[in-house]
Amino acid sequence: MGMEKTFDATAAEARITAKWLDANAFAAGANKSRDESFCIMLPPPNVTGALHVGHAFNHTLMDILTRWHRMRGFDTLWQPGQDHAGIATQLQVEKKLLAEEGKRRADLGREAFLARVWEWKQQYGTTIIDQMKRLGNSCDWDRNAFTMSGAPGAPEGNDGNFHDAVIKVFVEMYNKGLIYRGKRLVNWDPHFETAISDLEVENIETDGHMWHFKYPLAGGATYRYVEKDEDGNVIVDEERDYISIATTRPETMLGDGAVAVHPSDERYAPIVGKLCEIPVGPKEHRRLIPIITDNYPDPDFGSGAVKITGAHDANDYGVAKRNDIPMYRLMDMRAQMRSDGAPYAEAAAIAGAVARGERALSEAEADALNLVPDHLRGLDRYEARKAVVDEITSEGLAMMTTPDDPRLGAAAAKPAPAEEPGPLGADQEVPDQVRDALVPLVEAKKIMQPFGDRSKVVIEPMLTDQWFVDAQEVVKPALDAVRTGRTKIVPESGEKTYFHWLENIEPWCISRQLWWGHQIPVWYDDEGSMYCAPSEAEAQAMAPGKALTRDPDVLDTWFSSGLWPIGTLGWPDQTEELAKYFPTSVLVTGQDILFFWVARMMMMQLAVVDDIPFRDVYLHGLVRDAKGKKMSKTLGNVVDPLEIIDEYGADALRFTNASMASLGGVLKLDTQRIAGYRNFTTKLWNACRFAEMNSVWEGHETQAAAPDAQATVNRWIISETAKVRETVDAALTDYRFNDAASALYGFVWGKVCDWYVEFAKPLFDGDDAAETRATMAWVLDQCMVLLHPFMPFITEELWGLTGARAKLCVHADWPEYGADLVDESALREMNWVIALIESIRSARAQLRVPVGLKLNMVQLDLDDAGRAALSRNMALVTKLARIASLEEVTELPKGSITVAVEGGSFGLPLEGVIDIATERARLEKTLAKAEKERAGIEGRLKNPKFVASAPEEVVTEARENSALLADEIARLTEAVGRLREIG
């Protein structure tokens with residue numbers, strides 16, 4: 001049965017995937033022929049997830065490396081698995097529970113709710129696995145792992161016992177003092193009521209406001225406030241009884257512990273060390289706080305004075321820690337103003353005594369103190385904000401300004417006053433008409449707000465009790481491993497980011513206030529003593545006779561996935577796989593999780609087993625759309641990889657991913673490019689059909705060695721095959737996937753499908769027919785083998801249709817030939833012939849010579865090598881360049897254009913063939929237009945303001961357009977030059 005006219009990717013992909021799985025082709029060690037191992041870990045996608053363009057991109061690169069090593073005989077393992085994704089999975093199950101039963105998790109209780117999560121995981125957890133198989137991932141699916149395998153309630157399965165590894169590591173690190181419980185500022189999600197990581201926070205620019213308030217000095221004290229301009233001229237000189245602060249979050253004023261100014265700020269030098277009053281709450285219980293100095297405030301921003309609310313702001317937290325300022329928590333776990341604790345008057349009195357230095361306050365006492373005034377307790381944080389602003393404004397403690405103050409932005413609605421006021425002091429008399437026109441100084445301001453990526457609510461920096469890894473204690477080996485080259489980061493620019501983050505690392509918060517996850521293995525007795533053990537029985541043995549309660553928190557998913565390399569290979573058992581495949585070979589992942597996952601795996605593996613988790617780390621950027629814009633549902637530019645596979649086939653998407661994977665480059669996914677690579681698969685298919693029609697595959701069996709060819713054309717294509725094999729291997733060794741893809745594309749489409757197929761046609765009818773059939777069969781086999789890591793489906797299909805094969809293409813032996821097959825004389829000759837044909841074709845196309853018209857050609861001068869090459873290949877030149885005749889001349893006839901080649905030149909007489917004057921005018925007009933367009937783009941690119949302010953994708957697109965126009969201008973200039981030569 002012969003080959004079909006076209007490759008039906010949709011039908012073939014499912015059939016070929018089943019063939020691979022039935023043959024267990026992806027099993028660890030499959031096709032092994034050497035002792036060297038190659039192991040790559042799949043970054044575990046969320047069990048809730050679906051395949052997206054980021055997965056499709058980095059999975060393609062991993063699969064290319066995996067298939068390449070497996071075909072080379074390495075003992076290969078691509079380890080798959082999924083992450084339990086604590087918060088994301090819990091959200092999905094809670095949504096389902098609420099929608100279908102109207103219940104919340106609290107209605108079920110922890111154990112029953114977790115049973116529902118496991119049911120959900122069993123039902124939906126394999127969705128992304130099925131989708132990854134559609135992409136062609138050659139993972140060892142029988143070894144599929146899950147970061148909650150072996151946990152209480154987990155069903156029996158073959159995905160390992162990851163839970164034991166996680167718990168063992170926690171206990172060991174706790175016993176070494178590397179894990180501790182403490183109170184620190186974290187990202188708090190009020191919807192899920194849990195701490196979340198920085199990675200789960202989306203910083204979004206929103207419309208906000210900045211309020212300016214007066215904090216009166218204690219006891220009515222005053223000072224001389226002097227402000228100067230850049231030249232030292234006094235612009236404000238007045239007596240003040242307050243210090244001015246600005247805030248975007250007035251509700252947090254209730255928790256202020258101090259006001260800070262820069263040590264060099266002379267304006268406030270007279271009042272440093274004095275007390276000021278927070279202008280909120282009952283007047284008789286107004287709270288005093290100290291004015292301190294710290295390097296954090298910027299004297300040139302706003303008033304230069306900053307309120308310090310250590311329990312609700314990351315920067316303020318640092319100031320408070322450095323200056324021993326109490327941190328007062330204002331909100332509960334739902335971001336409502338606290339309603340617990342003693343009445344406000346009592347709490348304010350204690351805090352006032354602390355501010356005056358009359359008593360000390362422990363961290364726990366400060367956290368327990370509720371400084372929210374009684375009438376604001378229980379309010380939502382935004383309701384409290386409005387109440388605080390209204391109270392301060394009504395009391396006259398808001399800074400005032402005129403309605404046309406430019407700082408107000410769109411808020412300036414009132415007309416300007418008849419008389420502009422000067423700077424207003426506390427006791428300054430102001431004309432009634434001016435005072436009536438004043439408005440509170442509230443700036444309309446764009447602010448960056450942190451939102452939970454899943455809850456979509458504003459994240460609250462919150463001071464809470466959490467579990468932490470003492471990262472500074474485990475960071476040094478992770479730094480040393482990269483510095484000494486034990487682990488290499490590609491591209492090198494990633495090392496700078498890696499070092500910067502690890503050298504400035506903060507304690508790592510590893511606890512989450514969720515139910516779905518690895519529950520922290522710590523129990524408490526009634527006195528608060530802690531017992532850390534792998535099981536409750538072991539904890540009870542440590543506290544005989546005492547009633548114990550387990551810590552309700554679970555571990556951050558980054559803690560468990562930080563153990564992914566060793567946990568999936570069977571640790572803490574000393575398994576055969578652990579000995580064979582660890583350290584793993586390379587990690588392919590996005591640069592956005594370099595800190596969150598890569599660095600943490602480095603720290604964890606070195607802390608637990610004293611070895612690096614991987615030798616190389618390949619980092620890539622975010623996959624963007626064709627114009628370089630970040631994909632988002634809002635912009636409507638999200639590309640679904642499954643839809644791409646449905647339309648173009650997995651091979652076309654994979655080859656596109658490889659071709660855009662330049663080191664450090666911008667990843668732009670363009671459907672036109674994907675369509676082009678689908679055409680590439682068609683080109684290869686047609687070449688194999690051409691071979692079939694010429695009896696190439698009759699009786700064919702896989703041949704390891706190249707034929708001993710005599711014909712120049714055959715020696716040339718064998719040489720080109722050897723060269724591309726070396727190029728591909730060198731590129732993949734250095735993770736230059738785009739260079740490997742480019743070399744294969746140029747070879748398969750250009751050298752084989754275009755030139756060799758044409759060159760071989762006349763040979764099929766001559767003395768070299770058998771040799772040519774053998775050569776074509778071998779070359780097309782090599783195309784299938786070399787392309788297989790990139791385009792596994794079509795190559796596997798062709799492999800099975802074109803000969804007797806001892807093994808599937810997935811296990812075909814990767815070739816090792818190289819210089820031994822390169823025939824330099826054949827390369828020179830045939831590449832000279834190709835250059836001549838391409839030059840003639842280019843000249844014809846530039847000058848719009850009718851495609852079917854055969855031209856006469858004259859030979860002006862030519863060296864001996866050129867004469868010999870032309871003599872042996874004249875039939876090819878005349879056919880492929882559409883030349884009617886060739887004549888040697890001493891000078892070019894009138895109206896001829898020159899075609900230059902190595903060692904000589906030819907001419908194409910065009911007098912009477914085209915209208916030379918009209919064609920020249922057309923080309924000159926097109927050239928002038930292109931030059932003008934490029935000049936405009938270059939003008940913008942040379943403007944520093946454009947480069948600095950325009951979106952990155954706009955600047956990138958301008959540079960690309962300029963480069964394209966430069967190429968077009970060069971081509972047009974050459975064509976115009978040809979015509980100017982002949983008039």
Side-chain angles (χ1 to χ4, degrees), residues 41-46 54 58 83 85-88 147 169 173 178-179 184-189 195-203 314-315 317-318 448 450-454 459 461 466-483 486-512 555-566 584 586-608 612-623 630 664:
M41 291 279 156
L42 179 79
N46 289 353
N58 68 27
D83 192 284
I87 198 167
T147 53
V169 168
M173 293 182 75
L178 299 175
I179 288 179
R184 287 181 63 88
L185 203 68
V186 296
N187 300 310
W188 188 263
D189 188 316
I196 63 174
S197 71
D198 289 341
L199 187 65
E200 296 162 303
V201 175
E202 294 178 327
N203 290 296
N315 292 313
Y317 177 79
M448 294 301 294
F451 287 82
D453 65 346
R454 307 233 174 233
I459 296 305
Q466 302 288 345
W467 286 94
F468 296 91
V469 170
D470 189 351
Q472 288 188 335
E473 287 296 314
V474 296
V475 74
K476 187 178 183 301
L479 283 165
D480 290 344
V482 176
R483 286 197 181 111
R486 289 176 68 197
T487 293
K488 181 176 69 173
I489 297 178
V490 180
E492 285 187 14
S493 56
E495 292 187 2
K496 182 179 179 183
T497 307
Y498 178 85
F499 291 142
H500 175 77
W501 187 72
L502 289 183
E503 287 165 355
N504 297 278
I505 198 166
E506 294 287 333
W508 171 16
C509 177
I510 57 170
S511 48
R512 297 291 182 266
L555 287 164
D556 173 22
T557 54
W558 294 111
F559 184 89
S560 49
S561 63
L563 298 168
W564 190 241
I566 56 173
T584 67
V586 59
L587 177 75
V588 178
T589 190
Q591 60 192 20
D592 55 323
I593 57 173
L594 176 59
F595 332 129
F596 302 105
W597 190 47
V598 180
R600 284 169 177 164
M601 280 193 288
M602 290 286 285
M603 290 190 293
M604 294 288 277
Q605 259 66 201
L606 284 161
V608 175
I612 55 172
F614 20 72
R615 295 184 181 90
D616 291 346
V617 178
Y618 175 93
L619 299 174
H620 60 78
L622 192 70
V623 179
K630 183 178 178 180

Considering all heavy atoms of both residues, which atom of [X] and which atom of [Y] are nearest to each other, and what is their separation?
X	Y	answer
V490	K488	CG2-CE, 3.8 Å
S511	Q466	OG-OE1, 2.5 Å
N203	M448	O-CE, 3.4 Å
G562	Q605	O-NE2, 2.9 Å
S197	R512	N-NH2, 3.4 Å
T147	S560	CB-OG, 4.4 Å

Beyond-backbone contact of [X] with [Y], side-chain heavy atoms, under 4.5 angstrom:
X	Y	answer
N187	D198	yes
I505	M603	yes
I510	M173	no
L555	W467	no
M604	F559	yes
L502	M602	no
L619	Y498	no
I196	R454	no

So how far is it from [X] [atom1] to [Y] [atom2], rounded to the nearest 0.5 Å?
X	Y	atom1	atom2	result
L622	K630	CG	NZ	6.0 Å
I489	Q591	CD1	CD	11.5 Å
L594	E495	CG	CD	10.5 Å
H620	D592	NE2	CG	8.0 Å
L563	M601	CG	CE	10.0 Å

- Item | Under 3.5 Å donor-acceptor, W597 side chain and S561 backbone | yes

- Task: Determine yes or no for a side-chain-to-main-chain donor-acceptor pair under 3.5 angstrom, with T487 supplying the side chain and F614 the backbone.
- Result: yes

- Item | Atom CD of Q472 with >12 non-hydrogen neighbours under 6.0 angstrom | no

- Please indicate whether E492 has more than 12 foreign heavy atoms, meaning atoms of other residues, nucleotides or ligands, lying under 6.0 Å from its CD. no

- Give the ring-plane orientation class for F595 versus W501, where under 30° counts as parallel, over 60° as perpendicular and anything between as tilted.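 The arrangement is parallel - the two ring planes meet at less than 30°.
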
- Item | R184 to Y317 six-membered ring, cation-pi geometry met (6.0 Å, 45°) |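 Because its charged atom misses either the 6.0 Å distance or the 45° angle limit, R184 does not stack over Y317.
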
- Item | Worked verdict on I593 versus W558 for side chain to side chain contact (heavy atoms under 4.5 Å, CB included) | CA-CA 10 Å; I593 57 173; W558 294 111; 4.1 Å; yes

